[in-house]
Amino acid sequence: MWRNREIYRAAALAGFLVFSLSACSTSQGDGADQVTTDDEVAAETEQAEVVQLSFSPPADCTTLLPESAIAGLAAEGIELVKGPGSSSTEPIFVEGNTPEELVGGISCLYSVPGEEEAAVSILLSVAPVTEAARPGVINDLLAQNLNVGQSRDGALTYWIWGDDFNVPALHNNLYPDSWYSALLQPGGRAAYDKGVGLLEGMRQQTTR
């Protein structure tokens with residue numbers, strides 16, 4: 001089981017194969033139906049503009065996720081076991097703070113109560129990001145050899161699927177004012193997709 005992100009970094013730097021997906025689609029039809037005016041393009045572009053939201057830090061881990069996400073985890077026997085607002089006074093990592101905690105954020109560990117080293121561990125973190133801290137956060141994420149992309153709402157993304165054995169699934173969204181991450185062990189595509197969904201819930205809970 002992972003104890004901190006250094007385990008992931010070591011595995012990644014050891015030569016973990018990075019997966020990438022690309023997709024393209026084409027459509028064909030009657031030429032008259034495919035004609036698009038400049039005004040229509042402008043209107044579609046305006047509708048697709050990203051809505052700017054402001055980051056509102058959560059009070060603690062109990063307000064980090066929507067009720068639906070909490071209920072979904074509870075159905076799997078997974079609960080908040082460590083982090084601000086939990087019943088535990090122990091730190092997430094005995095070795096030191098998480099990267100998000102180091103920049104003023106919080107980290108929340110979810111697992112089966114009493115089985116933190118069990119088969120499933122989910123670490124969710126969120127932190128405010130200042131203009132001064134942002135370059136350091138980016139450099140740290142790039143140093144992990146993660147895949148780089150962009151979310152639908154304009155965040156920079158740094159991610160890896162991981163696998164069912166040694167490498168956790170990891171997804172980061174970096175906005176101008178905030179940083180979200182989801183780290184799940186074991187990894188793999190299904191775990192990664194769950195992490196992305198939880199991260200979206202975190203974003204919903206912490207913006208206005």
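All residue numbers in this chain count up from 1 along the given sequence.
- Panel note: side chain E101, backbone T98; a donor-acceptor pair is recorded below 3.5 Å.
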>> Pair E67, Q205 - check side chain to side chain contact (heavy atoms under 4.5 Å, CB included), show working.
In response: CA-CA 10 Å; E67 288 297 329; Q205 284 290 105; over 6 Å; no
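- Judged by distance alone, the side chains of T157 and Q150 never bring a donor and an acceptor atom under 3.5 Å apart.
- Between Y180 and F55, the ring-plane angle classifies as perpendicular under the 30° and 60° cut-offs.
- Here the OG-CG distance, from S87 to L80, works out to 7.5 Å after rounding to the nearest 0.5 Å.
- G188 approaches A169 most closely through the heavy-atom pair O-CB, 4.1 Å.
- With contacts defined as side-chain heavy-atom distances shorter than 4.5 Å, the pair L183/I122 does not qualify.
- A donor-acceptor contact shorter than 3.5 Å is absent between the side chain of S107 and the backbone of S125.
- Counted by atom type alone, N173 and W179 present zero donor-acceptor pairs between their side chains at under 3.5 Å.
- In this structure the side chain of L184 never reaches within 4.5 angstrom of the side chain of Y110, judged on heavy atoms.
- Looking at every heavy atom in both residues, M202 comes nearest to P66 through N-CD, 4.5 Å.
- Smallest separation of non-hydrogen atoms from L198 and L65: O-CD2, 3.7 Å.
- Under the 4.5 Å side-chain heavy-atom criterion for Ile, Leu, Val, Met, Phe, Trp and Tyr, L102 and V129 are members of distinct hydrophobic clusters.
- Residues G83 and I92 share a closest heavy-atom pair of N-CD1, 4.0 Å.
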For L123 and Q185, run side chain to side chain contact (heavy atoms under 4.5 Å, CB included): C-alpha distance rounded to whole Å, both residues' side-chain angles, the deciding distance at 0.1 Å, then the answer. CA-CA 9 Å; L123 180 62; Q185 175 70 26; over 6 Å; no
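- When atom types are taken as modelled, the side chain of D163 and the backbone of V167 share a donor-acceptor pair closer than 3.5 angstrom.
- With sequence neighbours excluded, the residues that form a side-chain hydrogen bond (donor to acceptor under 3.5 Å, both in side chains) with S151 are D153.
- Rounding to the nearest 0.5 Å gives a distance of 5.5 Å between CG of L64 and CD1 of I106.
- For the atom pair CG (L146) and OH (Y158), the distance works out to 9.5 Å, reported to the nearest 0.5 Å.
- Atom CZ of residue R134 and atom OG of residue S178 lie 9.0 Å apart, to the nearest 0.5 angstrom.
- Taking 4.5 Å as the limit, some side-chain heavy atom of R203 sits within range of a side-chain heavy atom of L53.
- Heavy atoms only, all atoms of each residue included: P186 and D164 are closest at CB-O, 3.9 Å.
- Looking only at side-chain heavy atoms (C-beta outward), P84 and C61 come within less than 4.5 Å of each other.
- Looking at heavy atoms from C-beta onward, I138 lies in side-chain contact with L174 at the 4.5 angstrom threshold.
- Side-chain atoms of H171 and K194, non-hydrogen and from C-beta on, never get closer than 4.5 Å to each other.
- T207 places no side-chain N or O within donor-acceptor distance of the main-chain N or O of S54, the cut-off being under 3.5 Å.
- Applying the disulfide bond (SG atoms under 2.5 Å apart) rule to pairs touching residues 130-160 yields nothing, sequence neighbours excluded.
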| side-chain hydrogen bond (donor to acceptor under 3.5 Å, both in side chains) evaluation trace for E100 with S181 | CA-CA 9 Å; E100 291 82 1; S181 72; 2.7 Å; yes
Practice item. Mind running side chain to side chain contact (heavy atoms under 4.5 Å, CB included) on V112 and V120 for me, showing each step along the way? Key: CA-CA 7 Å; V112 178; V120 177; 5.7 Å; no
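- A distance of 11.0 Å separates CD of E76 from OG of S111, quoted to the nearest 0.5 Å.
- Contact between L124 and A182 at its shortest, heavy atoms only, is CD2-CB, 3.6 Å.
- Applying the disulfide bond (SG atoms under 2.5 Å apart) rule to pairs touching residues 153-207 yields nothing, sequence neighbours excluded.
- At distances below 3.5 Å, at least one donor-acceptor pair connects side-chain atoms of N139 with backbone N or O atoms of P135.
- Taken to the nearest 0.5 Å, the OG1 atom of T62 stands 7.5 Å off from the CD1 atom of I70.
- Cluster annotation: V137 is connected to L142 through the hydrophobic network of ILVMFWY side chains, with a link wherever side-chain heavy atoms come within less than 4.5 Å.
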